[in-house]
Amino acid sequence: MSEFAELTFRGRTIRLPATVGTEGEIGLDVSALRDEMGVITLDPGYGNTGSCQSSIAFIDGDQGILRYRGYDIADLAEHSAFLEVAYLLLHGNLPEADQFDEFAEGVMDNMLVHENLRHFFNAFPRDAHPMAVAAAVVASLATFYPESMGARRGPDAMESCRRLLAKLPTIVAWSYKQSRGVPVTYPRCDLGYVQNFLHMMFSTPYRTYEPDPAVSRAMDLMFLLHADHEQNCSTSTVRMVGSSQANMFASISAGVSALWGPLHGGANQALIEMLQYIQLAGLTARQFVDKVKNKEAGIRLMGFGHRVYKNYDPRAMVLKKAAGDVLQKLGVQGRLMDTAMELEQVALSDPYFLERKLYPNVDFYSGIILHAIGMPTNMFTAIFAIGRMPGWLSQWMEMNSDPQTRIARPRQIYTGATQRTYVPFRQRGDGRIPNRRPCSAGE
Ligand code: ACO
């Protein structure tokens, strides 16, 4: 008999079978709880809830470990590159040379978007946030590929994966061009994935942007380090929307929206805005940290803390070094960077942060790098989205191949009013009948 836990409540006992993962993580299966005992589990924020079994990413938050398909993140960061990691996540294994060539060519061939889609960009206001544009345009891709909408697994679904992976950099870069009121730049087949993104962002009809190799490498690294992070908020959103059998484009668009929040992918933009605020308000790092500790107006130290990592964020370790390299290579200095470094120092030696196990997360250093290379602040989260795309896609594909997948539908504990009877307007308050009447009812 396999392992189980016993739960006793009001004199009744139920066995909860244990599922053990390949790294020894144990999940107790509570799926029969409600049917057999009439109770549910309550776990706000899902901190102790496993929603699926997955073979894509492994995290040990206490040890600061992140692995994609078994490969350590630091190993991949040192030896691999984003597109190879995208293949790894999507297919489960590292590619051989011909497999990689075929994959990379498939992605490059798809970087262009339908010409009609280009006109969408003109319809958005100049100051539209790139994440709003990205979510809208990604969802609208479904209208251009109606034949792929039903594909949930196999080669057709994989083709949609390549399309999304290929087109998001174009969509993001074009949203920037639109916000500047300048013509869009088309992708080039002689450039790699990251170089193409930088080219579409910064080349103009009269000047070709030649990125510094240190900038291309830092950008690739950032994409790679963000590529997957198991069941985080945006990935769970992608799975949740996909569990209703909504198409891949709709599911990914929902993931883009979830990522936008400042507690998730929006933290890198929020970090720079926080640094700007500190400067404008004339505060020292110490004074700002004290404000955070006093929980004044709900201010948090952006780029610090993580739901899972309670030791250090292994992605942040890699990016911290990359940030140092980029700052040195580009000779970037300035008060903003000094403030970031001071904040890091102050927080890392402050009992408030140490006791709560709050360390710099990946967004702290990605914000610094993106700022250093001159990326507009409101583009930061959209860049995170480009990096996260392989993870969203892999998780969506895995979910659709998992026979255990059901529509995601959490329960709740209702805390509202118990049953009451409707009272007509004339018996409510001063008895006045409203001028705007809801149909003819309520009198
Ligand atoms: N600054 C100050 N205090 C913090 C911070 C922070 N950044 N993060 C957590 N805390 C405090 C909380 O106030 C709370 O204190 P209390 O016990 O006195 O009430 C305690 O630490 C625990 O915080 P929770 O909110 O329960 O932690 P949770 O796991 O829910 O939140 C999160 C994780 C959202 C990442 C949080 O640390 C945070 O808001 N960080 C800042 C935003 C950020 O950088 N997000 C990016 C995350 S990485 C990513 O998405 C790629």
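Note that the structure is a prediction, hence the values are computed from the model and not measured. Counting starts at 1 for both ligands and their atoms, following the listed order.
Comment: Arg15 does not engage Glu36 in a salt bridge, judged by the lack of any side-chain N to carboxylate O separation of less than 4.0 angstrom. Under a 4.0 Å N-O distance rule, the pair Asp350/Arg286 qualifies as a salt bridge. Under the 4.0 Å criterion applied to side-chain N and carboxylate O atoms, Glu398 and Arg239 are assigned as salt-bridge partners.
Although no hydrogens or angles enter the test, the distance criterion places a donor-acceptor pair under 3.5 Å between the side chain of Asn400 and the main chain of Trp396. Arg217 places no side-chain N or O within donor-acceptor distance of the main-chain N or O of Val326, the cut-off being under 3.5 Å. Asp62 contributes no side-chain N or O that, together with a main-chain N or O of Asn311, makes up a donor-acceptor pair within less than 3.5 Å.
Between Arg300, Lys295, Arg356, it is Arg300 that holds the heavy atom closest to atom 23 (O) of ligand 1. Around atom 28 (P) of ligand 1, the closest heavy atom drawn from Arg307, Arg388, His306 belongs to Arg307.
Taking distance alone, with nitrogen or oxygen atoms compared against 3.5 Å, Phe384 stays at or beyond that limit from ligand 1. Residue Phe304 places at least one N or O, backbone or side chain, under 3.5 Å from an N or O of ligand 1. Checked by distance only, ligand 1 and Leu263 come closer than 3.5 Å through their nitrogen or oxygen atoms.
Closest protein heavy atom to atom 47 (C) of ligand 1: Asn361 ND2, 3.6 Å. Nearest protein heavy-atom contact of atom 35 (C) of ligand 1 is Gly305 O, 3.7 Å. Atom 42 (C) of ligand 1 has as its closest protein heavy atom Met302 SD, 3.7 Å. Scanning the protein heavy atoms around atom 8 (N) of ligand 1, the nearest turns out to be Leu358 CD2, 3.5 Å. Looking only at heavy atoms of the protein, atom 50 (O) of ligand 1 is closest to His264 ND1, 3.1 Å. Atom 1 (N) of ligand 1 has Leu301 N, 3.0 Å as its closest protein atom, hydrogens excluded (heavy atom only).
Taking the six-membered ring where the residue is Trp, Phe304 and Phe353 present perpendicular rings, their angle passing 60° and hence far from 30°.
The ligand atoms of ligand 1 that sit less than 4.0 angstrom from a heavy atom of Ala267 are 43 (C), 44 (O), 45 (N), 46 (C). Every atom of ligand 1 is numbered from 1 in the order shown, and the set under 4.0 Å from a heavy atom of Asp363 is 46 (C), 48 (S), 49 (C), 51 (C). Using a 4.0 Å cut-off to heavy atoms of Gly303, the atoms of ligand 1 that qualify are 43 (C), 44 (O). Interface of Val292 with ligand 1, defined as ligand atoms under 4.0 Å from a residue heavy atom, comprises 1 (N), 2 (C).
Between the side chains of Arg307 and Tyr46, no donor N or O sits under 3.5 Å from an acceptor N or O. For the residue pair Glu344 and Tyr365, a side-chain donor N or O sits within less than 3.5 Å of a side-chain acceptor on the partner.
Phe197 contributes atom CZ, which lies 5.5 Å from atom CE of Met219 (distance to the nearest 0.5 angstrom).
If you look at Tyr352 next to ligand 1, the close heavy atoms, those under 4.0 Å, all belong to the side chain.
Taking the ring centre of Tyr352 as origin, the terminal cationic atom of Arg356 falls inside the region bounded by 6.0 Å and 45° from the ring axis.
Heavy-atom distances between Lys293 and ligand 1 stay at or above 4.0 Å for every pair.
Within a 4.0 Å radius of atom 44 (O) of ligand 1, the protein contributes at least one heavy atom.
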